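A quick write-up on the structure given underneath.
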Amino acid sequence: MTDTTPAAEGTDTLTRLEQEGEIAADYLEGLLDIADLDGDIDMDVEADRAAVSIIGDSASRDLQKLVGRDGEVLEALQELTRLAVHRETGDRSRLMLDIAGYRARKREQLTKIGAKAAEEAQGTGQPVKLDPMTPFERKVVHDAVAAAGLRSESEGEEPQRRVVVLPA
């Protein structure tokens, strides 16, 4: 008989996410070796997702090549890493990849943008439409707007999908 209590399910989820992180780390280590780049891999579980970061020497600019312009290379590497995890586990992965702190810095900026848009919508009583964003960027903004006590929604089609902050 299997244990299906919420605590057991939480442990199973954590174990699965840790396994995703291990598979992703192995994949990324191989990639770094092929590209002859130095970087340390850090694994964590954040908000029911495996989170893997490649951290480099602060003096090294090499990892910026893996971020690319506006994070385009990072997005592609994240998708490739998710595919590698899917190939090993058979399950779809929602793994988040960060390289050289790019996503962490971006999250900080986007949180400020979301809070400012919420303030504007609250002050003017009008919806505030933001520029098109990636799914990651929209998620961070939605969270910031919710933290400010307002609602937001996404509208449009990729790649022109944007967040609209609604007044109370």
Side-chain angles (χ1 to χ4, degrees), residues 3-32 37-58 60 62-118 130 132-154 158-159 161-163 165:
D3 185 0
T4 58
T5 62
E9 287 176 12
T11 303
D12 289 348
T13 299
L14 182 62
T15 302
R16 183 180 52 77
L17 293 174
E18 287 172 343
Q19 179 190 16
E20 278 188 24
E22 292 286 340
I23 293 166
D26 290 345
Y27 176 78
L28 292 165
E29 282 282 350
L31 187 84
L32 289 173
L37 296 172
D38 290 326
D40 295 322
I41 309 279
D42 184 39
M43 296 176 298
D44 201 0
V45 173
E46 298 172 2
D48 292 332
R49 287 180 181 215
V52 179
S53 300
I54 300 175
I55 304 160
D57 181 347
S58 59
S60 170
D62 286 347
L63 290 181
Q64 291 306 315
K65 296 173 189 170
L66 297 180
V67 172
R69 187 171 54 91
D70 297 328
E72 289 174 338
V73 177
L74 170 59
E75 288 289 334
L77 287 174
Q78 177 175 277
E79 283 307 308
L80 289 172
T81 305
R82 286 176 174 177
L83 286 171
V85 170
H86 177 71
R87 187 184 66 224
E88 291 287 322
T89 65
D91 295 325
R92 184 177 171 272
S93 173
R94 294 176 52 234
L95 174 131
M96 288 296 294
L97 175 62
D98 191 6
I99 299 174
Y102 176 82
R103 276 202 204 274
R105 287 187 303 277
K106 191 78 171 169
R107 182 176 279 124
E108 225 173 88
Q109 294 168 342
L110 291 164
T111 299
K112 289 176 185 172
I113 289 169
K116 186 175 179 217
L130 299 175
M133 298 178 180
T134 67
F136 162 76
E137 293 168 336
R138 290 193 309 270
K139 167 87 171 87
V140 173
V141 171
H142 285 305
D143 290 348
V145 169
L150 293 182
R151 282 186 338 101
S152 59
E153 54 190 36
S154 293
E158 296 292 352
R161 199 152 168 80
R162 67 184 67 238
V163 173
V165 181

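All of these numbers come straight from a predicted model, not from anything done at the bench.
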Just do the side chain to side chain contact (heavy atoms under 4.5 Å, CB included) check on Tyr27 and Val85 with the steps written out, would you? CA-CA 9 Å; Tyr27 176 78; Val85 170; over 6 Å; no

Which is it for Ser152 and His142 under the side chain to side chain donor-acceptor pair (under 3.5 Å) test, yes or no, and what are the steps along the way? CA-CA 6 Å; Ser152 59; His142 285 305; 2.5 Å; yes

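Residues Gly21 and Ala50 share a closest heavy-atom pair of N-CB, 4.1 Å. The shortest heavy-atom contact between Ala24 and Leu95 is CB-CD1, 3.4 Å. Nearest heavy-atom pair across Ala115 and Ala144 is N-CB, 4.1 Å. The minimum heavy-atom distance linking Gly39 with Ile54 is given by the pair CA-CG2, 4.2 Å. The heavy-atom pair separating Ser154 from Arg161 by the smallest distance is CB-NH2, 3.5 Å. Of all heavy-atom pairs between Val141 and Leu130, the closest is CG1-CD1, 3.7 Å.
Distance CD1/Ile113 to NZ/Lys116: 8.5 Å, rounded to 0.5 Å. Rounded to the nearest 0.5 Å, atoms CD1 (Ile41) and CG (Asp26) are 9.0 Å apart. With values rounded to the nearest 0.5 angstrom, Met43 atom CE is found 11.0 Å from Ile23 atom CD1. Going from atom CG of Asp91 over to atom CD of Glu20 covers 7.5 Å, rounded to the nearest 0.5 Å. Separation of atoms CG (Leu97) and CZ (Arg49) is listed at 12.0 Å; rounding is to 0.5 Å. The line from NE2 of His86 to CZ of Arg92 is 10.0 Å long, rounded to the nearest 0.5 Å.
Looking at heavy atoms from C-beta onward, Leu66 lies in side-chain contact with Leu32 at the 4.5 angstrom threshold. The shortest side-chain heavy-atom distance between Leu14 and Val45 falls under the 4.5 Å cut-off. With a 4.5 Å cut-off on side-chain heavy atoms, Thr81 and Leu31 do not count as touching.
Counting heavy atoms of neighbouring residues, nucleotides and ligands inside a 6.0 Å radius, atom CZ of Arg151 does not exceed 12 of them. Within 6.0 Å of CD in Glu18 there are more than 12 heavy atoms belonging to other residues, nucleotides or ligands.
With hydrogens and angles disregarded, a donor-acceptor distance shorter than 3.5 Å links the side chain of Arg138 to the backbone of Met133. For the pair Ser53 (side chain) and Ile55 (backbone), a donor-acceptor distance under 3.5 Å is absent. Asp98 places a side-chain N or O within 3.5 Å of a backbone atom of Arg103 that can act as its donor or acceptor partner.
Residues Arg82 and Glu79 are paired through a salt bridge, judged by an N-O separation under 4.0 Å between the basic side chain and the carboxylate. With respect to Lys139 and Asp143, a salt bridge is recorded, a charged nitrogen being found less than 4.0 Å from a carboxylate O.
Listed by chain and number, the residues in a side-chain contact (heavy atoms from CB on, under 4.5 Å) with Thr134 are Glu75, Phe136, Glu137 (sequence neighbours excluded). Residues forming a side-chain contact (heavy atoms from CB on, under 4.5 Å) with Asp40 (at least two apart in sequence, or on another chain): none. Contacts of Val67 classified as side-chain contact (heavy atoms from CB on, under 4.5 Å), with partners at least two apart in sequence or in another chain: Gln64, Ile99, Tyr102.
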